Amino acid sequence: MHSMCERSSPLLVDKEQKKTKWIGEIWKKYKLLIKIIGIFLLLVLVAIISLVAYTKHYVDEDEYPDVALNMEKSMYTFTGSLTIKDSCVLDTLGINKETLQQRIEKVYSVSPALHPYFVSAEVNDLFVGENTSAILRLNFSMPSANQHERKYKMSKEFVGGILRQDINDLEKSQCQNSSVFLDPLHVTSTH
């Protein structure tokens, strides 16, 4: 038995030498490619570890509205008038106060920028005629701590622009040569 192990050991040594030689040839031939793949795999591993660590420590503020509800808030009221000169837009929006109010509420309720702060919309007066106009009142509530965000989102240009854009999109999709005017909104701020 002892002699059989001695005979097989030169074969094993020869196999090991061939294997080592083969690995060395592959390393010489594909050295750059192996390094590139290694760096790529290392970057992927770092990215995965970063994402896992980030998701464990990240808190999405939108998921916890109670925090925003407990903060001191400022009320912002925008009043202005909406004048529609084309009956096509009126037919699409609906001529009565309720449907116009629902449309305006929908516009601000689905607005990505303003829906967290939107409180209500009112159509106070609706004058139907050759030039149909409505007196609007929009109410928003925003935490007082967001001064930088408030400066831009609670500007009359921004708030009015969202309604203008919605009506403009409606005009382009359903009407031709129509005219809608949104008079500058007057801003009232209550703390």
Side-chain angles (χ1 to χ4, degrees), residues 15-16 19-80 82 93 98-123 136-174 182 184-191:
K15 277 187 176 181
E16 285 296 320
K19 188 175 178 183
T20 306
K21 185 179 176 184
W22 182 73
I23 290 173
E25 288 175 8
I26 290 177
W27 176 253
K28 286 179 185 176
K29 192 173 183 180
Y30 298 106
K31 183 192 264 186
L32 181 62
L33 182 62
I34 291 171
K35 286 181 179 180
I36 291 172
I37 291 172
I39 291 170
F40 177 75
L41 291 175
L42 181 66
L43 289 173
V44 168
L45 183 64
V46 167
I48 290 171
I49 291 171
S50 298
L51 287 173
V52 169
Y54 179 74
T55 55
K56 288 191 181 227
H57 296 290
Y58 176 73
V59 176
D60 187 5
E61 293 175 7
D62 293 336
E63 289 182 16
Y64 301 100
D66 297 334
V67 174
L69 290 174
N70 294 331
M71 297 176 81
E72 183 180 332
K73 292 189 174 188
S74 298
M75 288 295 295
Y76 297 90
T77 302
F78 296 85
T79 56
L82 173 70
L93 290 175
E98 291 78 25
T99 54
L100 182 59
Q101 181 170 327
Q102 288 172 355
R103 176 65 184 211
I104 293 169
E105 286 174 348
K106 181 183 174 204
V107 168
Y108 289 105
S109 295
V110 298
S111 165
L114 291 178
H115 85 273
Y117 315 114
F118 178 69
V119 175
S120 65
E122 298 172 36
V123 176
L136 306 177
R137 180 184 200 139
L138 306 171
N139 297 305
F140 296 89
S141 176
M142 179 178 260
S144 299
N146 296 353
Q147 290 180 4
H148 179 70
E149 192 174 359
R150 182 181 71 215
K151 178 181 176 182
Y152 298 104
K153 288 187 177 179
M154 291 297 118
S155 69
K156 62 183 176 182
E157 293 82 14
F158 190 78
V159 172
I162 289 178
L163 185 58
R164 269 190 214 97
Q165 185 62 49
D166 180 71
I167 293 172
N168 188 35
D169 292 346
L170 180 69
E171 286 180 295
K172 286 183 180 178
S173 68
Q174 309 226 347
L182 188 63
L185 293 166
H186 306 285
V187 182
T188 308
S189 173
T190 314
H191 298 285

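Just so it is clear, the model here is predicted, and its values are computed rather than measured.
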Partners meeting side chain to side chain donor-acceptor pair (under 3.5 Å) with [X] (sequence neighbours left out):
X      : answer
Glu122 : none
Gln165 : Asp169
Ser120 : Asn139

Which residues satisfy the side-chain contact (heavy atoms from CB on, under 4.5 Å) test with Ser109, sequence neighbours excluded?
-> Phe118
Name the one of Val159, Leu136, Leu163 that satisfies side chain to side chain contact (heavy atoms under 4.5 Å, CB included) with Phe78?
-> Val159
Check whether any side-chain N or O of Thr20 sits under 3.5 Å from a backbone N or O of Glu16 as a donor-acceptor pair, and report yes or no.
-> yes
Which atom pairs, donor and acceptor, lie under 3.5 Å between side-chain atoms of residues 21-49 and protein residues at least two apart or in another chain?
none

With side chains defined as the heavy atoms from C-beta onward, is the minimum distance between Met154 and Tyr117 less than 4.5 Å?
-> yes
Give a yes-or-no answer on whether the side chains of Gln101 and Glu105 include a donor-acceptor pair shorter than 3.5 Å.
-> yes
Take Asp166 and Lys106 through the test side-chain contact (heavy atoms from CB on, under 4.5 Å) and record every step on the way to the result.
-> CA-CA 10 Å; Asp166 180 71; Lys106 181 183 174 204; over 6 Å; no
Smallest separation among heavy atoms of Ala113 and Phe158, with atom names = CB-CZ, 3.6 Å
Taking all heavy atoms of Ile104 and all of Ala121, pick out the closest pair and write down the distance.
-> CG2-CB, 3.8 Å
